[in-house]
Asks: 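Sharing a structure below in structure tokens format, with a few things to ask.
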Amino acid sequence: VDIHPKELARQITLLEFNLYKVIKPWECLMWNTKEKDKKSPNILNMIDRFNSVSRWVASEIVRVRNVKQRALVMGRFIEIAEELIGLHNYNGAMEIISGLNSSAIHRLKNTWMALTKKQQEHFQQFKVLMSGDNNWRNLRST
């Protein structure tokens with residue numbers, strides 16, 4: 001909570017750009033094959049990064065026992081997702097949203113209720129933007 005959301009979003013974006021820029025076009029065709037470890041190592045690195053960040057988000061939230069403090073942490077992640085969207089880092093935003101949508105976090109009803117209305121609305125907007133419905137139509141239209 002000590003790092004400003006914009007700065008954290010920038011750092012996440014820089015780290016992910018370094019992973020993204022080394023992906024070769026043919027990896028996109030080979031990542032879902034039996035030889036993916038050899039043929040698509042950079043895509044697998046991006047997938048590992050996605051999963052690590054999503055787990056980090058969830059673990060940082062559940063680590064806090066006090067509901068009000070937990071809501072502050074959750075709200076900070078919503079702010080970070082907003083900054084990532086502002087930077088057009090939709091992968092990073094999806095990592096955060098995925099962590100917030102994990103079952104461990106989804107069950108924290110009192111914590112969700114402790115968020116401000118604005119934070120709750122932003123989160124709902126992010127979920128709509130990142131929805132896979134209609135072949136990711138909302139995301140493609142941004």
Asks: With sequence neighbours left out, what residues match T116 under side chain to side chain contact (heavy atoms under 4.5 Å, CB included)?
Replies: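 With neighbours one apart ignored, the set is K118, Q119.
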Asks: Nearest 0.5 Å please: distance from the CE atom of M94 over to the CG atom of L129.
Replies: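 Nearest 0.5 Å value for the CE-CG distance: 9.0 Å.
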Asks: Would you mind listing every ring-ring contact (aromatic ring centres under 6.0 Å, His included) that reaches into residues 11-55, with sequence neighbours excluded?
Replies: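 Qualifying pairs, neighbours excluded: none.
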Asks: Please walk me through it: do M130 and I85 pass side chain to side chain contact (heavy atoms under 4.5 Å, CB included)?
Replies: CA-CA 10 Å; M130 299 295 182; I85 290 169; 4.2 Å; yes
Asks: Can you hop from I3 to I61 via hydrophobic side chains spaced under 4.5 Å?
Replies: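 I3 and I61: one cluster.
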Asks: Only one of V73, I80, L72 forms a side chain to side chain contact (heavy atoms under 4.5 Å, CB included) with R76, so which one is it?
Replies: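 Passing option: I80.
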Asks: According to the salt bridge (charged side-chain N to carboxylate O under 4.0 Å, His left out) rule, which pairs have a member within residues 9-27, sequence neighbours left out?
Replies: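 Listed once each, the pairs are E7-R10, E16-R49.
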Asks: Considering all heavy atoms of both residues, which atom of A9 and which atom of E83 are nearest to each other, and what is their separation?
Replies: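 Closest heavy-atom pair between A9 and E83: CB-CB, 3.5 Å.
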Asks: Do M74 and F123 come within less than 4.5 Å of each other through their side chains, counting heavy atoms only?
Replies: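 Not in contact.
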Asks: Contact between M30 and K36 at the side-chain level, heavy atoms closer than 4.5 Å - yes or no?
Replies: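 The answer is no; the side chains never approach within 4.5 Å.
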Asks: Can you give each donor-acceptor pair under 3.5 Å made by side-chain atoms of residues 103-111, sequence neighbours left out, with the distance rounded to 0.1 Å?
Replies:
unit_1, atom_1, unit_2, atom_2, d
R107, NE, S103, O, 3.0
T111, OG1, R70, NH1, 2.8

Asks: Of all heavy-atom pairs between W56 and L8, which one has the smallest distance, and what is that distance?
Replies: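 Shortest heavy-atom separation between W56 and L8 comes out as CH2-CD2, 4.2 Å.
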Asks: Going from CG on N91 to CG on L19, what distance comes out if it is rounded to the nearest 0.5 angstrom?
Replies: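 Spacing of CG (N91) from CG (L19) equals 9.5 Å.
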Asks: To the nearest 0.5 Å, tell me how far I12 CD1 sits from I96 CD1.
Replies: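 CD1 of I96 is found 5.0 Å from CD1 of I12.
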Asks: Checking S102 now: which residues fulfil side chain to side chain donor-acceptor pair (under 3.5 Å) with it, not counting sequence neighbours?
Replies: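 Counting only residues at least two positions away or on another chain, S102 forms no side chain to side chain donor-acceptor pair (under 3.5 Å).
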Asks: Taking only residues two or more places apart in sequence or in another chain, which ones pass side chain to side chain donor-acceptor pair (under 3.5 Å) with Q120?
Replies: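 Q120 satisfies side chain to side chain donor-acceptor pair (under 3.5 Å) with no other residue.
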Asks: Classify the ring geometry of H88 against Y90: parallel below 30°, tilted from 30° to 60°, perpendicular beyond 60°.
Replies: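 Rings of H88 and Y90: perpendicular, as their planes differ by over 60°.
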Asks: Could you work out, with side chain to side chain contact (heavy atoms under 4.5 Å, CB included) as the rule, every residue matching E35, not counting sequence neighbours?
Replies: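 Side chain to side chain contact (heavy atoms under 4.5 Å, CB included) list for E35, sorted by chain: T33, K39.
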Asks: What about L87 and F126, same hydrophobic cluster or not, with Ile/Leu/Val/Met/Phe/Trp/Tyr joined at side-chain heavy-atom distances under 4.5 Å?
Replies: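 No, no single cluster joins them.
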Asks: Is it true that a side-chain atom of S98 and a backbone atom of S54 form a donor plus acceptor pair closer than 3.5 Å?
Replies: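 No: the side chain of S98 does not pair with the backbone of S54.
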Asks: Looking at residues at least two apart in the chain, or sitting in another chain, which of them share a side chain to side chain donor-acceptor pair (under 3.5 Å) with E60?
Replies: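 Applying side chain to side chain donor-acceptor pair (under 3.5 Å) to E60 gives R63.
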Asks: When rounded to the nearest 0.5 angstrom, what distance separates CD in E95 from CG in N51?
Replies: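 Separation between the atoms: 9.0 Å.
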Asks: Please answer: with hydrophobic residues joined when any side-chain heavy atoms are less than 4.5 Å apart, are M46 and L44 in the same cluster?
Replies: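 Result: yes, single cluster for both.
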Asks: Please enumerate all residues that pass side chain to side chain contact (heavy atoms under 4.5 Å, CB included) together with N32, with sequence neighbours excluded.
Replies: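 Per chain and number, N32 pairs via side chain to side chain contact (heavy atoms under 4.5 Å, CB included) with no residue.
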Asks: Which heavy-atom pair separates A93 from A81 by the least distance, and what is that distance?
Replies: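 That closest heavy-atom pairing would be CB-O, 4.0 Å.
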Asks: Is it the case that the side chain of N42 and the backbone of V22 share a donor-acceptor pair, with hydrogens and angles ignored and the cut-off at 3.5 Å?
Replies: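 Such a contact is found between N42 side chain and V22 backbone.
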Asks: Step by step, work out the side chain to side chain contact (heavy atoms under 4.5 Å, CB included) result for L100 and W112.
Replies: CA-CA 10 Å; L100 291 168; W112 284 106; 4.2 Å; yes
Asks: Quick one: list whatever passes side chain to side chain donor-acceptor pair (under 3.5 Å) with E79, sequence neighbours left out.
Replies: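 E79: no side chain to side chain donor-acceptor pair (under 3.5 Å) contacts found.
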